[in-house]
Amino acid sequence: MPRRRTFHRQPRRSDNQGFGSGLEKTNNQILVKAGCTFHYEDESCQFHYKKPTYKGECGACGGHDVYSNHLYTADFKVITKSGKEIWIEIKGGGVSWTGETRSKHVLIRDQFPDRELRFVFSNWNASIGKNAKTTNKQWCASKGFLCANQKIPLSWLEE
């Protein structure tokens, strides 16, 4: 009788030292080495954004322009040499880069035009979905986001 295979989500590796992934850990080391000021997933990296509610209705006025409040925590908030603040989101492969996640980042960008959000992908040439022809890099370019492959570019920190 053939052995049955079971699939489950892999637990977080213990050698990431409190980071969500090895990619986050690597980029944290780059920021430490560069000597810049930054925060990793703390209160200074959080802000609220509004998401339109599908088929929502206001109980008070009956209007359909209804939003739900959400909290977003960026992976890194970095202060560049000139004092500019950039928010960096680290994205690996798999379930973290869904259509809903991409929409969330566009909403955040539109609601907070004073914040600059950038992405670092484990593979920027990977497609954004299972059957999609668009790559992560192409999606970022089409939406006006800067992105990098695997490592935070030192040029971002020099701005």
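Only a predicted model underlies this, so the values are computations on that prediction, with no experimental measurement involved.
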Margin query: Would E158 and T80 count as a side chain to side chain contact (heavy atoms under 4.5 Å, CB included) here? Give the steps.
Written below: CA-CA 6 Å; E158 299 291 326; T80 65; over 6 Å; no
task: Indicate if I79 and I152 have the same hydrophobic cluster label, given that clusters are the connected sets of ILVMFWY residues with side-chain heavy-atom separations under 4.5 angstrom.
output: no
Shortest non-hydrogen pair, N149 vs S122, comes out as OD1-O, 3.8 Å
Would you say Y72 and E89 make side-chain contact, with heavy atoms under 4.5 Å? yes
S127 and A132 have their tightest heavy-atom pair at CB-O, 3.2 Å
Go through the side-chain N and O atoms of W87 and E85 and say whether any donor and acceptor fall under 3.5 Å apart. yes
Indicate yes or no: at least one non-hydrogen side-chain atom of K143 is less than 4.5 angstrom from one of R102.
no
Starting from the C-alpha separation in whole Å, work towards a yes-or-no answer on side chain to side chain contact (heavy atoms under 4.5 Å, CB included) for N136 and I128. CA-CA 6 Å; N136 294 323; I128 61 172; 3.6 Å; yes
Here the pair of heavy atoms bringing K91 nearest to L23 is O-CD2, 4.0 Å
* Asked: Checking N27 side chain against Q150 main chain: does a donor-acceptor pair fall under 3.5 Å?
  -> yes
* Asked: So, do W139 and F121 have ring centers that fall under 6.0 Å from each other?
  -> no
CG of L117 to CZ of R109, rounded to nearest 0.5 Å, is 9.0 Å
In short, D75 meets E24 closest at the heavy-atom pair OD1-OE2, 3.4 Å
Sub-3.5 Å donor-acceptor pair from the side chain of T73 to the main-chain atoms of E41, do we have one?
-> no
The reported gap from NZ in K151 to CD1 in I30 (rounded to nearest 0.5 angstrom) is 5.5 Å
Distance col, row I88:CD1 vs L31:CG, nearest 0.5 angstrom, shows 6.0 Å
With side chains defined as the heavy atoms from C-beta onward, is the minimum distance between W156 and L154 less than 4.5 Å?
no
| query | Does any non-hydrogen side-chain atom of V120 lie less than 4.5 Å from one of F76? | reply | no
When every non-hydrogen atom of W124 is compared with those of T135, the smallest separation belongs to O-CB, 3.6 Å
Is there side-chain contact between H105 and W97, with heavy atoms separated by less than 4.5 Å?
yes
